[in-house]
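What follows is a single structure, written as structure tokens, with notes after it.
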There are 2 protein chains.
Amino acid sequence: MPQAQILSKNQQVVFEIIEKAKGPLKAYSILYDVQKKGIRAPLQVYRALDKLLELGKIHKIESKNAFVACKNSNCEITKATAFSICEKCEKVTEINNSKLSNYLSAFKDSTGMKYSKYNLEFFGLCKKCK
Amino acid sequence: MPQAQILSKNQQVVFEIIEKAKGPLKAYSILYDVQKKGIRAPLQVYRALDKLLELGKIHKIESKNAFVACKNSNCEITKATAFSICEKCEKVTEINNSKLSNYLSAFKDSTGMKYSKYNLEFFGLCKKCK
DNA sequence: TAACAAGCCGTTATATTATAACATTTTTAT
DNA sequence: ATAAAAATGTTATAATATAACGGCTTGTTA
């Protein structure tokens with residue numbers, strides 16, 4: 001069991017905001033939120049985000065340029081991510097389905113190539129919005 | 001069989017450039033290329049891109065903010081896209097695998113929710129780069 | 001055929017997202 | 001204690017994308 005990573009001050013501040021949020025957050029909205037904690041520049045936020053992504057503590061929703069906390073307990077899974085995204089309310093949920101992840105992790109294309117990483121984004125209407 | 005869509009002048013110009021390209025193109029690189037054809041402003045490019053995306057003639061590679069021509073003959077498939085992306089040379093290939101698309105199109109999450117659209121990006125090293 | 005709607009075009013300005021470059025400080029490992 | 005690695009702070013700027021405005025063309029349709 002790997003030692004829980006200790007986050008630096010800025011990383012911790014940024015992570016807490018993302019973790020508490022109800023939905024994906026954009027970098028400049030995070031910046032706005034953390035200004036009271038002494039983080040002033042975009043780069044400080046982006047650096048924290050980069051590190052948190054690398055650690056798997058957060059994920060980037062590419063279609064939205066926004067960030068969510070990883071909800072898989074002890075996530076090491078930067079390499080196999082799947083999300084459901086509501087096209088109306090923008091709610092994002094991380095999909096944690098072992099059949100799906102097994103299927104995709106084992107997927108080989110027509111040339112026999114196997115991949116080391118994937119990201120999948122599903123779109124539709126969530127329960128509430130339907 | 002739906003009538004082949006007729007593209008407007010700007011749409012045609014932008015599409016040809018993307019189609020001829022060897023890899024994904026970014027919007028401002030397209031802008032640079034089309035300036036000799038009289039397209040001067042980013043918005044002109046983005047409008048053409050939006051329309052081409054809507055028509056399924058091109059796809060956006062979200063992780064790169066770049067655009068590729070659809071290689072599935074008669075693509076209507078804006079709604080179910082999968083790509084392989086080489087992390088070294090940045091080569092992008094559209095994956096056309098009916099097993100995969102059937103699997104994903106039928107996928108339901110733990111709440112029983114079915115999705116109307118997905119986009120999947122695989123990452124790894126292509127043949128050449130391995 | 002007038003007139004209306006829909007789509008496309010061109011332009012300027014500006015919003016949003018992200019990184020470069022540089023100097024310094026803190027933490028970690030030896 | 002010291003060297004290497006990681007994190008910080010700051011200013012400036014690059015890269016990506018949209019808002020707002022007005023006009024032109026084309027194809028209904030009344």
Side-chain angles (χ1 to χ4, degrees), chain A residues 2-18 21 23-68 78 85 87 90 92 119 121, chain B residues 2-18 21 23-68 85 90 92 119 121:
Chain A
Q3 160 99 37
Q5 177 79 21
I6 291 163
L7 299 179
S8 76
K9 176 182 143 282
N10 287 2
Q11 289 158 18
Q12 184 63 39
V13 168
V14 169
F15 180 61
E16 276 172 12
I17 287 188
I18 296 173
L25 293 183
K26 305 208 152 211
Y28 277 71
S29 124
I30 294 169
L31 175 58
Y32 178 85
D33 287 346
V34 298
Q35 291 194 327
K36 60 196 78 147
K37 306 239 174 178
I39 297 180
R40 291 172 207 171
L43 197 44
Q44 294 175 289
V45 171
Y46 279 104
R47 284 199 283 229
L49 290 172
D50 284 347
K51 189 67 186 187
L52 293 167
L53 285 169
E54 188 192 318
L55 296 172
K57 306 278 290 178
I58 64 172
H59 302 300
K60 181 171 186 181
I61 308 301
E62 294 285 356
S63 60
K64 296 192 167 303
N65 299 315
F67 303 85
V68 294
T78 320
I85 300 169
E87 288 181 294
E90 314 236 306
V92 169
N119 179 53
E121 298 182 4
Chain B
Q3 159 100 37
Q5 178 79 21
I6 291 164
L7 299 178
S8 76
K9 176 182 145 279
N10 287 3
Q11 290 158 18
Q12 184 63 39
V13 168
V14 169
F15 180 60
E16 275 171 14
I17 286 189
I18 296 174
L25 293 184
K26 305 207 154 212
Y28 277 72
S29 124
I30 294 168
L31 176 58
Y32 179 84
D33 287 345
V34 297
Q35 290 194 326
K36 61 195 78 147
K37 306 239 174 180
I39 298 180
R40 291 174 207 171
L43 197 44
Q44 294 175 288
V45 172
Y46 279 105
R47 284 199 283 228
L49 290 171
D50 284 347
K51 188 67 187 187
L52 294 167
L53 285 169
E54 189 192 317
L55 296 172
K57 307 278 290 176
I58 64 172
H59 302 299
K60 182 172 186 181
I61 307 301
E62 294 286 357
S63 60
K64 296 193 167 304
N65 299 315
F67 302 85
V68 294
I85 301 169
E90 314 237 307
V92 169
N119 179 54
E121 298 181 3

(request) For residues E62(B) and N119(B), determine if any side-chain heavy atom of one lies less than 4.5 Å from a side-chain heavy atom of the other. (result) yes
(request) Using atom CD of Q11(A) as one end and atom C1' of dT8(D) as the other, report the distance to the nearest whole Å. (result) 11 Å
(message) Less than 4.5 Å apart, side chain to side chain, heavy atoms only: is that true for V34(B) and Q44(B)?
(response) no
(request) Respond yes when some side-chain nitrogen or oxygen of N10(B) is under 4.0 Å from OP1 or OP2 of dG10(C), and no when none is. (result) yes
(request) Starting at the 5' end of nucleotides 18-30 of chain C, put B wherever the base has a protein heavy atom under 4.0 Å, S where only the sugar-phosphate does, and a dash everywhere else. (result) BBBB---------
(request) Give a yes/no answer on whether the side chain of K9(B) brings an N or O atom under 4.0 Å of OP1 or OP2 in dC8(C). (result) no
(request) Decide yes or no for D50(A) and E54(A): does some side-chain heavy atom of the first lie under 4.5 Å from some side-chain heavy atom of the second? (result) no
(request) Quick one: closest heavy-atom pair of I18(B) and F67(B), and the distance? (result) CG2-O, 3.8 Å
(message) I need the K60(B) NZ to I58(B) CD1 distance, nearest 0.5 Å.
(response) 10.0 Å
(request) Would you indicate, yes or no, if dC9(C) has its OP1 or OP2 atom less than 4.0 angstrom from a side-chain nitrogen or oxygen of S8(B)? (result) yes
(request) Let me know the distance between CG of L52(A) and C1' of dA7(D), rounded to the nearest Å. (result) 13 Å
(message) Measuring from atom CG of L7(B) to atom CG of L52(B), what distance do you get when rounded to the nearest 0.5 angstrom?
(response) 6.0 Å
(message) Does a side-chain N or O of Q44(A) approach OP1 or OP2 of dG9(D) to a distance below 4.0 Å, or not?
(response) yes
(request) Report the residue (K51(A) or R40(A)) whose heavy-atom-nearest nucleotide on DNA chain D is the more 5′ of the two. (result) K51(A)
